[in-house]
Amino acid sequence: MKEYQPQEIELRWQKVWEEQGAFHADMDPARQKYYVLEMLPYPSGTLHMGHMRNYTIGDAVARFRRLRGYNVIHPMGWDSFGLPAENAAIERGIHPREWTNANIAEIKRACIRFGFSYDWRREISSCEPEYYRWNQWIFLRMLEKGLAYRKRSLVNWCPKCQTVQANEQVVNGCCWRHEDTPVEAKEIEQWFLRITQYADQLLDDFAPIEAGWPERVVAMQRNWIGKSTGARVRFALAGTLHKSVEVFTTRIDTIYGATAVILAPDHPLLSELLAGHAQQTALEAEARRLRQQGMRAADLETAEKEGFPTGRDAVNPFNGERLPIWVANFILSGYGTGAVMAVPAGDQRDFEFCKKYNLPIRVVVQPSGGPPIAVETMAEAFTGYGVSVNSGAYSGLTSEEAIRRMTADAVARGFGQSQTIFRLKDWGISRQRYWGTPIPVVHCAKCGIVAVPDADLPVLLPAQVAITARGRPPLETVPEFVNVKCPKCGEAARRETDTMDTFFDSSWYFYRYADPKNTRAPFDPQITRYWNPVDQYIGGITHAILHLMYARFFCKVMRDLGLLDHSEPFTRLFCQGMVLKGGTAMSKSKGNVVGALDMADSYGCDTARLYTLFAAPPEKDLEWNEQGIEGCWRFLQKAFRIVAGNCDWLRGAASAGTAFDLGAATEKEKALLRRAHQTLRRITSDYESRWHFNTCVALLMEMTNELQSAEPLEKNLHPLVARQVLEMFVLMLAPMAPHIAEEFWEMLGREGGIGSAAWPVFDQELAREEMVEVVLQVNGRVRGRLQVETGLGEEELVRRAMHDKKVAPWLDGKRVVKRIVVPDKLVNIVVA
RNA sequence: GCGGAAGUGGCGGAACUGGCAGACGCGCAGGACUUAGGAUCCUGUGGCCGAAAGGCCGUGGGGGUUCAACUCCCUCCUUCCGCACCA
């Protein structure tokens, strides 16, 4: 008998698949499409089971959908621009392209070795001009629409990356790549994308797809966008005629309780307010200190609220009261107007600040119901809604009503307006580094910023550049790149030397997969109309905000450009858990990496794939256990022995051609058919919707155990029964362990490969149990069990239950109060 | 503080709309086959009491609803993740 030689089997089938183009998918309007996508990887050096888990899940889904008859597109490509390549280049003295392409080759080799069913004809690599020219094209369309613009502003500068990072790329005040290095505030002129213009859509468009997304991702994005509705109110500057300071508030109803106005330390009005102050210089220095403090976001939690009075007053527009204007470290210049009205009784931060500096506190909202609040005994602010008090004509109104009326009055009297603000800010995409897409504009002394004409795209990234990490764009050092003629006036001009954030590249790549070779457009809208949106996207939670929000933004922009007819790029999103070793995520630096190719060498990739699916449900973290994988290895061994031991007689019996009469089936035959169809029912729903691959594997293990106990099959089973059961088993196994499944299929004498097979058809009749075990309870406790024929009537069930010899003693001398019957499952007799 | 997820044997985890808690696998124990086994097969494996039959307890703690609760409600505790002075 043949032995299970996974490496041999796997390499053979991988070759067959490649020769047949088994995973090539082409547009076919007659067939229903299914787009499965795993987040495209950044080709860094290390490759471990953590990566492979992501692709294994996607591959199981893709292969299952193919068996179900869908036209499945399942592409793979490379997010190949980016800093690590450039840093590696600096360290090793090789070109980023060389480093990147070597890594791509390595990952691709592993993907092929794991048998992932990608359509490699659609492979893309974002560092190739064929791809990034369309980044430039899209950028120019955004420029035309006013969605890309240039502005000077404070940005997050990572000293290690020597470049700017977007707000989304700053984690705990540090760069997402260097979590131990705080970003610095730097004022710099750079390119922004107006993502804020889509803030409302980014929130609202979740509604139809939300069910298919992990809750926490939706919650995180909502949180990040941070919509807040309130009012902008203008406070006149006391002692001036027309000067004023504006605040934003969500609680205009508490304005009678305002006892100060507080500005951010870098509020633009501050220098003017301090002009002429006796301690002007000292206070300006103090403001600078507070501002620096604000940048260290990491220790904000413990940061004490600090501030100082400017000596100037503002006038409450509602009652004319003069309020001192303060400066404080906890007011953020980038949010709202960079200034607030301090209402200590109604806001905990204001409360703490006013307590510390002995500013007055005035209660203006009383909770409706419950004891009234008194200033003297107040331990914390009351931030809830209630009833307005001490608020002039508005006293007695509910908070909601007061907000409505006071906002309306502020508008009518000309010192306020209702306003919605967002925490989300525009996306800064300029990077002062080399290995990225050149931004296709020219700076002309005469014409200003001039777009590179479409006909001149791509603006090629020069190959020969001296890359050093010194904080200036490396492209500046290439005269033949920088010095150009202005496309408009023809005079000498300078080319833009910043490159794009690589998140630009990955914001639309899933459209390019649909039409990867297009030389006239990023993609043909006719083709993306068929393939997109992505039906199932799979990737790590790390991109919950970053990539996933940018991609949603791009989708909406491209829709408005007339390129797409949908508003959301990913109908369903799945975030897989990490693979851990020793409790932490695998990483080269921690030395706890389980190499993908090592696993393929020692167990074969089918076992490795099966184990990653079996050891934990896919959304949970998975602790890699060397002993655990043995179980999957044994399972495949066992399955192999069963198929190999029976394929000869089965193939011989195939020509017999007799029909099988179910009526004449033995108990063993019926039991196996029943098991097969029951397994099919459960596994189909587990593959389709629940994604509990761990239970899929468990079900197949049970089926194998049952087959094994029916050995010798030749003696115990009619060949048609054995064949049906084995073939069902093979097809159900195929999405998870595709190579051994192909081998089985062939061993069983089936031709054309699993690619031409269809998912088995469920047979209700065969799945039906003839006998069931009914649990007998007395007062809810199990006291006995009963074998009965399926569908037995309630009356009869109760009768048999009460006469059961184990149940009867518990009923003895008791009065039966109630009888509960769940047909085919349980009888519960309640006695008193 | 706000938002999200989760607490089940020695371990990873099952239990679908309230109906047998612990499927499947790992590990462990015993046995079979064997020169040998780290191969394979069989049996057992939540805790306590008991020779056994059987009984009692048991899904983070406490309370509740129900004939019946891992599942629903209240409350508390713990862990993980995200955001964090957002006005």
Side-chain angles (χ1 to χ4, degrees), chain A residues 171-173 214-224 226-228 230 247-251 254 262 264 294 297-298 300-305 328-332 334-343 346-350 352-353 383 421-424 541-542 544-545 610-611 614-617 619-632 634-635 637-638 641 682 685-686 689-690 692 694-705 708-709 711 773-785 806 817-822 824-831:
Chain A
V171 180
N172 283 328
E215 273 181 80
R216 55 182 170 152
V217 174
V218 176
M220 280 161 77
Q221 288 205 15
R222 288 225 166 95
N223 201 335
W224 185 264
K227 183 174 179 167
S228 180
V247 303
F248 174 78
T249 177
T250 55
R251 292 299 300 274
T254 64
I262 315 180
L300 276 179
E301 191 182 2
T302 49
E304 178 83 359
K305 288 180 179 48
N329 59 349
F330 70 100
I331 305 303
L332 308 170
Y335 186 76
T337 60
V340 302
M341 60 179 200
V343 183
D347 183 286
Q348 187 56 26
R349 295 154 301 175
D350 297 345
E352 287 166 24
F353 189 77
T383 57
I421 61 169
F422 295 92
R423 213 186 73 117
L424 179 70
I541 189 75
T542 31
I545 293 172
L610 211 58
Y611 177 65
F614 177 61
E619 70 278 8
K620 287 187 67 172
D621 286 350
L622 182 163
E623 173 70 32
W624 193 267
N625 178 339
E626 289 300 333
Q627 284 175 325
I629 196 170
E630 293 280 346
C632 289
R634 281 175 212 154
F635 161 60
Q637 285 276 11
K638 195 187 282 186
R641 273 194 304 274
R682 292 186 54 189
S685 93
D686 277 358
S689 43
R690 298 204 316 157
H692 282 191
N694 51 334
T695 59
C696 290
V697 179
L699 285 165
L700 294 176
M701 285 174 167
E702 287 183 70
M703 202 171 155
T704 311
N705 292 342
Q708 185 174 262
S709 64
E711 290 273 28
E773 189 182 77
V774 169
V775 172
L776 308 180
Q777 296 182 335
V778 178
N779 286 350
R781 316 203 58 144
V782 182
R783 298 301 179 190
R785 297 155 193 285
K806 286 196 178 142
V817 177
K818 207 170 180 181
R819 289 170 258 249
I820 289 107
V821 182
V822 183
D824 294 344
K825 274 211 167 133
L826 156 152
V827 177
N828 186 12
I829 296 160
V830 186
V831 294

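A note on names: the letters A, B, ... follow the listed sequences, proteins ahead of strands, and every chain is numbered from 1.
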Review point. Once you round to the nearest 0.5 Å, how far does CZ of A:R690 lie from CZ of A:R682?
Key: 7.5 Å
Exercise for review: Classify the nucleic acid contact of A:I331 as base, sugar-phosphate or nothing, counting any heavy atom under 4.0 Å across all strands shown.
Suggested key: base
Point to revise | Identified pairing partner of B:A29, criterion: Watson-Crick or G-U wobble below 3.5 Å | key: B:U43
Practice item. Please state whether the phosphate of B:G25, meaning OP1 or OP2, lies under 4.0 angstrom from any side-chain nitrogen or oxygen of A:N705. Key: yes
Point to revise | Separation of B:G13 C1' from A:E702 CD (nearest whole Å) | key: 14 Å
**Study point:** Short side-chain N/O contact from A:R781 to OP1 or OP2 of B:C57, under 4.0 Å
**Key:** yes
Check your understanding: Below 4.0 angstrom from OP1 or OP2 of B:G55, is there any side-chain N or O of A:R783?
Key -> yes
**Study point:** Distance between C1' atoms of B:U78 and B:C26 (Å, rounded)
**Key:** 27 Å
Practice item. Calculate, to the nearest 0.5 Å, the distance between atoms CG and CG belonging to A:N828 and A:N779 respectively. Key: 7.0 Å
Check your understanding: A:M341 has an atom CE; how far is it from atom P of B:C86, in whole Å?
Key -> 15 Å
Exercise for review: Measure up the A:F353 and A:F330 rings against each other and bin them: parallel (under 30°), tilted (30 to 60°), perpendicular (over 60°).
Suggested key: tilted
Review point. Atom CZ of A:R785 and atom CG of A:L826: how far apart are they, to the nearest 0.5 Å?
Key: 11.0 Å
Review point. Is the base of B:G9 syn or anti, if syn means a glycosidic angle within 90° of 0?
Key: syn
Review point. CD of A:Q637 versus P of B:C41: gap in Å, rounded?
Key: 9 Å
Check your understanding: Which value, in whole Å, describes the distance between the P atoms of nucleotides B:G61 and B:U8?
Key -> 10 Å
Review point. Please give, in whole Å, the distance from B:G25 C1' to A:I629 CD1?
Key: 13 Å
Point to revise | Below 4.0 Å: OP1/OP2 of B:A14 and any side-chain N or O of A:N694 | key: yes
Point to revise | Separation of B:G19 C1' from A:L776 CG (nearest whole Å) | key: 13 Å
Check your understanding: Between B:G54 and A:K806, is there an OP1 or OP2 to side-chain N/O distance shorter than 4.0 Å?
Key -> yes
Revision key, fill the gap. Of the candidates B:G82, B:G4, B:C85, the side chain of A:N329 sits closest to B:C85
Exercise for review: For A:N828, answer base if it contacts any base atom (sugar-phosphate contacts may also be present), sugar-phosphate if it contacts only those atoms, and nothing otherwise; contact means non-hydrogen atoms under 4.0 Å.
Suggested key: base
Check your understanding: So which nucleotide from B:G27, B:G13, B:C86 ends up closest to the side chain of A:Y335?
Key -> B:C86
**Study point:** Between CD1 on residue A:I629 and CG on residue A:L610, distance to nearest 0.5 Å
**Key:** 9.0 Å
Practice item. With heavy atoms under 4.0 Å as the rule, sort A:P617 into base, sugar-phosphate or nothing. Key: sugar-phosphate
Exercise for review: Find out whether the Lys NZ or Arg CZ of A:K227 is both under 6.0 angstrom from the six-membered ring centre of A:F422 and within 45° of the ring's axis.
Suggested key: no
Study note, to complete from the structure: Side-chain atoms of A:A615 come closest, of B:G12, B:C83, B:A87, to B:G12
Check your understanding: Are a donor atom and an acceptor atom from the side chains of A:K638 and A:N705 found within less than 3.5 Å of each other?
Key -> yes
Study note, to complete from the structure: Of B:C67, B:G4, B:G25, the nucleotide closest to the side chain of A:V830 is B:C67
Exercise for review: Let me know the distance between CD1 of A:I541 and P of B:G4, rounded to the nearest Å.
Suggested key: 14 Å
Review point. At what distance, to the nearest 0.5 angstrom, does CG of A:N694 lie from OH of A:Y611?
Key: 12.0 Å
Practice item. With P as the reference atom in both, quote the distance from B:C67 to B:C11 in angstrom, rounded to an integer. Key: 36 Å
Revision key, fill the gap. Judged by nearest nucleotide, the residue sitting upstream toward the 5' end of RNA chain B, A:V782 or A:R349, is A:V782
Check your understanding: Phosphate oxygens OP1/OP2 of B:C41: is one of them under 4.0 Å from a side-chain N or O of A:R641?
Key -> yes
Review point. When the distance from CG of A:L699 to P of B:G13 is rounded to whole Å, what number comes out?
Key: 18 Å
Check your understanding: Between B:G46 and B:C20, how far is it from one C1' atom to the other, in whole Å?
Key -> 16 Å
Exercise for review: Assign A:Q777 to base, sugar-phosphate, or nothing according to its heavy-atom contacts below 4.0 angstrom with the strands shown.
Suggested key: base
Check your understanding: Expressed as a whole number of Å, how far does the P atom of B:G60 sit from that of B:A51?
Key -> 33 Å
Practice item. Could you let me know what B:U59 is paired to, Watson-Crick or G-U wobble, both distances under 3.5 Å, or none if it's on its own? Key: none
Review point. Is the distance from OP1 or OP2 of B:C42 to the nearest side-chain N or O of A:Q708 less than 4.0 Å?
Key: yes
Exercise for review: Verify the contact: side-chain N or O of A:T695 to OP1 or OP2 of B:G13, cut-off strictly under 4.0 Å; return yes or no.
Suggested key: no
Point to revise | Whole-Å P distance, B:G37 and B:A29 | key: 15 Å
Review point. For B:G1, what is the paired nucleotide under Watson-Crick or G-U wobble rules, both distances under 3.5 Å?
Key: B:C83
Review point. What nucleotide, of B:G82, B:G12, B:C83, holds the atom closest to the side chain of A:F614?
Key: B:G12
Review point. Just checking A:E215: base, sugar-phosphate only, or nothing, at a heavy-atom cut-off of under 4.0 Å?
Key: sugar-phosphate
Check your understanding: Rounded to the Å, how far apart are A:R423 CZ and B:C85 P?
Key -> 9 Å
Check your understanding: If pairing requires Watson-Crick or G-U wobble contacts with both distances under 3.5 Å, which nucleotide is the partner of B:G19?
Key -> B:C67
Study note, to complete from the structure: Per atom distances to the A:V775 side chain, the nearest of B:C67, B:C24, B:C20 is B:C20
Point to revise | Pairwise P distance for B:G13 and B:G7, with rounding to whole Å | key: 10 Å
Study note, to complete from the structure: Taking B:G27, B:C83, B:C41 as options, the one with an atom nearest any side-chain atom of A:R634 is B:G27
Review point. If each of A:L826 and A:G628 is mapped to the nucleotide of RNA chain B with the nearest heavy atom, which maps nearer the 5' terminus, i.e. the 5' end?
Key: A:L826
**Study point:** Inter-nucleotide C1' distance (B:A5, B:G54), Å rounded
**Key:** 42 Å
Point to revise | Set of residues satisfying side-chain hydrogen bond (donor to acceptor under 3.5 Å, both in side chains) with respect to A:R349, sequence neighbours excluded | key: A:D347
Review point. Counting just side-chain N and O atoms, does A:R690 come under 4.0 Å of either OP1 or OP2 of B:A15?
Key: yes
**Study point:** Contacts of type side-chain hydrogen bond (donor to acceptor under 3.5 Å, both in side chains), residue A:E630, not counting sequence neighbours
**Key:** A:Y603
Review point. Does a nitrogen or oxygen in the side chain of A:K620 sit under 4.0 Å from OP1 or OP2 of B:G13?
Key: yes
Review point. Hey, does A:K305 reach any base, or is it just sugar-phosphate, or nothing, if we go heavy atoms under 4.0 Å?
Key: base
Point to revise | B:G9 - base-pair partner by Watson-Crick or wobble geometry, distances under 3.5 Å | key: none
